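Report on the following structure.
As the structure is a computational prediction, the values presented were derived from the model and not from experiment. What's counted below: heavy atoms across the whole structure, side chains too, no hydrogens, waters or symmetry copies.
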Amino acid sequence: MLKLKIGKTAGDLWTRLGDSGSLSCSQLPECMSLQNGSAPLAYVALGWLAKEDKVEFVLENRDLKVRLNATEVAIYENLKCAAQKEQEG
């Protein structure tokens, strides 16, 4: 059950990164709208995405940020385009 919750959170995080471009690692639980006590879930989900080589980390003004890598950005854009076409037609 917990593995499914982690996987869903990883999927939600992947989508959020696709929408926003990048997120601050320190604000990750807040950005993901997780309730108090669920912060570790956000970081475990981030680890899942990192292990699968779907994200990259960048240091901007002493703030560690995470974003989708170029391949994942392309996948996200293709999925978003397909969803928009489906809604239109």
Side-chain angles (χ1 to χ4, degrees):
M1 174 108 163
L2 184 56
K3 194 171 185 179
L4 290 174
K5 194 171 186 179
I6 293 167
K8 176 164 180 357
T9 303
D12 292 345
L13 176 55
W14 185 90
T15 301
R16 179 66 61 98
L17 289 169
D19 290 340
S20 66
S22 69
L23 295 173
S24 172
C25 288
S26 63
Q27 300 296 316
L28 195 58
E30 188 177 310
C31 292
M32 296 292 297
S33 302
L34 295 173
Q35 298 173 358
N36 289 342
S38 296
L41 185 60
Y43 295 112
V44 172
L46 177 58
W48 182 317
L49 294 176
K51 174 72 172 137
E52 293 197 355
D53 199 27
K54 296 182 180 294
V55 295
E56 57 190 20
F57 298 90
V58 290
L59 192 58
E60 293 179 3
N61 299 322
R62 298 168 55 169
D63 185 25
L64 184 62
K65 294 194 173 192
V66 61
R67 63 184 179 206
L68 294 178
N69 65 31
T71 302
E72 295 300 315
V73 169
I75 292 168
Y76 174 81
E77 292 298 327
N78 286 335
L79 289 172
K80 188 175 178 181
C81 183
Q84 286 175 345
K85 285 182 181 179
E86 187 176 301
Q87 285 181 346
E88 292 171 0

Sequence neighbours left out, what passes side-chain hydrogen bond (donor to acceptor under 3.5 Å, both in side chains) with [X]? Give chain and number order.
X     : result
Lys80 : none
Ser24 : Ser26, Asp63
Asn69 : none

#### Entry: Partners meeting ring-ring contact (aromatic ring centres under 6.0 Å, His included) with Trp48 (sequence neighbours left out)
none
### Query
Under a 4.0 Å N-O cut-off, is there an ion pair linking Asp12 with Arg16?
no
#### Entry: Pair Lys65-Leu23, side chain to side chain contact (heavy atoms under 4.5 Å, CB included): steps then yes or no
CA-CA 5 Å; Lys65 294 194 173 192; Leu23 295 173; over 6 Å; no
Please name the pair of heavy atoms, one in [X] and one in [Y], separated by the smallest distance, quoted to 0.1 Å.
X     : Y     : result
Pro29 : Ala39 : CG-CB, 3.6 Å
Leu49 : Trp14 : CD1-N, 4.0 Å
Leu46 : Leu28 : CD2-CD2, 3.8 Å

### Query
CD of Glu72 to CG of Leu17: how many Å apart, nearest 0.5 Å?
10.5 Å
### Query
Could you state the interatomic distance from CG (Leu41) to NZ (Lys8), rounded to the nearest 0.5 Å?
10.5 Å
### Residues that Val73 engages under side chain to side chain contact (heavy atoms under 4.5 Å, CB included), provided they are two or more places apart
Leu68, Glu77
### Message
What verdict does the side chain to side chain contact (heavy atoms under 4.5 Å, CB included) test give for Leu64 and Val58, after you've listed the backbone C-alpha separation in whole Å, the side-chain angles of each residue and the deciding distance to 0.1 Å?
### Response
CA-CA 6 Å; Leu64 184 62; Val58 290; over 6 Å; no
What donor-acceptor contacts under 3.5 angstrom involve side-chain atoms of residues 81-89, with partners at least two apart or in another chain?
none

### Query
So, Tyr43 side chain and Cys25 main chain: donor-acceptor pair closer than 3.5 Å or not?
yes
### Shared hydrophobic cluster, Val44 / Leu2 (ILVMFWY, side-chain heavy atoms < 4.5 Å)
yes
### Task
Please lay out, stage by stage, how Arg67 and Val55 fare under the test side chain to side chain contact (heavy atoms under 4.5 Å, CB included).
CA-CA 5 Å; Arg67 63 184 179 206; Val55 295; over 6 Å; no
